[in-house]
Amino acid sequence: MVATKPNASTPITGKMSPRVWFYSILLTLQYGAQPLISKRFTRREVIVTTSVLICEIAKVVCAIILMAKDGSIKRLAKEWTLMRSLTASGLPAAIYALQNSLLQISYRNLDSLTFSMLNQTKIIFTALFTYIILRQRQSIQQIGALFLLIMAAVLLSIGEGSSKASSTDDPEQILFYGIVPVLVASVLSGLASALCQWASQVKKHSSYLMTVEMSIVGSLCLLASTSKSPDGEAIRHHGFFYGWTPLTLIPVVANAVGGILVGLVTSLAGGVRKGFVIVSALLVTAMLQFLFEGKPPSVYCLVALPLVISSISIYQKYPYKVKKKEA
């Protein structure tokens, strides 16, 4: 059997191409800078739902511009079908919406330490579902690197919010409204990430088109929730753009660009490597806070730094190698 040369759109099992490294670094910087940008340019009065909806619109606009630029928009329009769209993008978008709701429930009923530890298990579930759905295996060293990454993520999360205590002492409430929701959310996060990777790598669904479709589905879910949510009431009372200034568009557009990059990284490198990007971004946030706000990195951050570097190095250096019998 003649070996074929992998291209940028195929699943990457070994070293990442320069193009993928470039997108990953950009996404790390965007994720890391986003909290500071949002804090600086978004007023407290801004209704969260309005910024999310405008961000989704910005994602759609950016994705359409990029599709027009690479000449794929006409071809994709001809090939588009509702069923394929619902399978490739509708299902992951609905799963992510459910995941976010479960995380909100869990966060209110768990202390920060427990929440952070359980929430980071999504990295393991992402690796599990990429194996189940895509048959993408991990070497022993890579599995070890994932556990190092989870340890680093937990340390970084503790450093950011270790002061929050549980809002209840009822064991049953903690179990059913705290632990169970965050674990289910982690499973759903891994499943949605693997489904996005499957759609882009196996079904060859354009990452830009997926961004458009998922943004539309997510916006519809969000609009439906405004009928009973506090944000919906605030919009009806104060108006959609209450608290907005021209500078509010800066974090919104930055977040939209990050959404495009998430699609590209997931498509080209996979959901597991996207997990490495997100954890690395926490270190970037700590560094930027020190540079621009004078806030020194916590001890947790300093301990997590070598763990992140080691995990990335090990994961890249020891990819899973197909045995002769399997080949």
Using only atom types and a distance under 3.5 Å, with no angle test, would you say the side chain of [X] pairs donor to acceptor with the backbone of [Y]?
X: K228; Y: S225; value: no
X: S72; Y: A68; value: no
X: S193; Y: G190; value: no
X: S267; Y: G263; value: no
X: S227; Y: A224; value: yes
X: S219; Y: S215; value: yes
X: T50; Y: I47; value: yes
X: R236; Y: T226; value: yes
X: S189; Y: A185; value: no
X: Q30; Y: A254; value: yes

Do [X] and [Y] have side chains that approach each other closer than 4.5 Å (heavy atoms only, starting at C-beta)?
X: I64; Y: V60; result: yes
X: R43; Y: T248; result: no
X: V180; Y: L183; result: no
X: F129; Y: L188; result: no

Working to the nearest 0.5 Å, report the span between [atom1] of [X] and [atom2] of [Y].
X: Y131; Y: Y320; atom1: OH; atom2: OH; value: 8.0 Å
X: I216; Y: K59; atom1: CD1; atom2: NZ; value: 12.0 Å
X: R273; Y: T130; atom1: CZ; atom2: OG1; value: 10.5 Å
X: I314; Y: F147; atom1: CD1; atom2: CZ; value: 13.5 Å
X: H205; Y: E79; atom1: NE2; atom2: CD; value: 10.0 Å
X: Q136; Y: L128; atom1: CD; atom2: CG; value: 12.5 Å

For a quick check under 3.5 Å, do [X] and [Y] share a side-chain donor-acceptor pair by atom type?
X: E293; Y: Q289; answer: no
X: Q141; Y: Y315; answer: no
X: S229; Y: D231; answer: no
X: S85; Y: E213; answer: yes
X: H238; Y: E45; answer: no

Please report the C-alpha distance between L86 and L91 in whole Å, then the side-chain angles of each, then the deciding distance to 0.1 Å, and finally whether the side-chain contact (heavy atoms from CB on, under 4.5 Å) criterion is met. CA-CA 6 Å; L86 291 174; L91 182 58; over 6 Å; no
Out of curiosity, does [Y] fall in the hydrophobic cluster containing [X] (side-chain heavy atoms, cut-off under 4.5 Å, transitive links)?
X: V265; Y: L26; value: yes
X: L247; Y: V257; value: no
X: M151; Y: V299; value: yes
X: V184; Y: L110; value: yes
X: V284; Y: L261; value: no

Decide yes or no on side-chain contact (heavy atoms from CB on, under 4.5 Å) for F241 and V46, but give the supporting numbers first. CA-CA 7 Å; F241 289 105; V46 172; over 6 Å; no
Mark yes when over 12 heavy atoms from residues, nucleotides or ligands other than I140 sit less than 6.0 Å from its CD1; otherwise mark no.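 No - once you tally the heavy atoms of other residues, nucleotides and ligands closer than 6.0 Å, there are 12 at most.
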Flag yes if more than 12 heavy atoms outside F22 fall under 6.0 Å of its CZ atom; otherwise flag no.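 Atom CZ in F22 is not crowded, with 12 or fewer foreign heavy atoms closer than 6.0 Å.
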Chi angles and distances behind the side-chain contact (heavy atoms from CB on, under 4.5 Å) call for V182, L102: CA-CA 6 Å; V182 71; L102 289 170; over 6 Å; no
Minimal heavy-atom distance between P181 and I105, with the atoms involved, is CG-CG2, 4.4 Å
Remaining members of the apolar cluster that contains Y96, side-chain heavy atoms under 4.5 Å: M210, M214
Do R19's NZ or CZ and the ring of Y23 fall within the cation-pi criteria of under 6.0 Å and 45°? no
Which pairs with one or both residues in residues 177-187 pass side-chain hydrogen bond (donor to acceptor under 3.5 Å, both in side chains), sequence neighbours excluded? T121-S186
If you apply the rule side-chain contact (heavy atoms from CB on, under 4.5 Å), what do you find for L282 with Y31, and how did you get there? CA-CA 8 Å; L282 297 174; Y31 256 85; over 6 Å; no
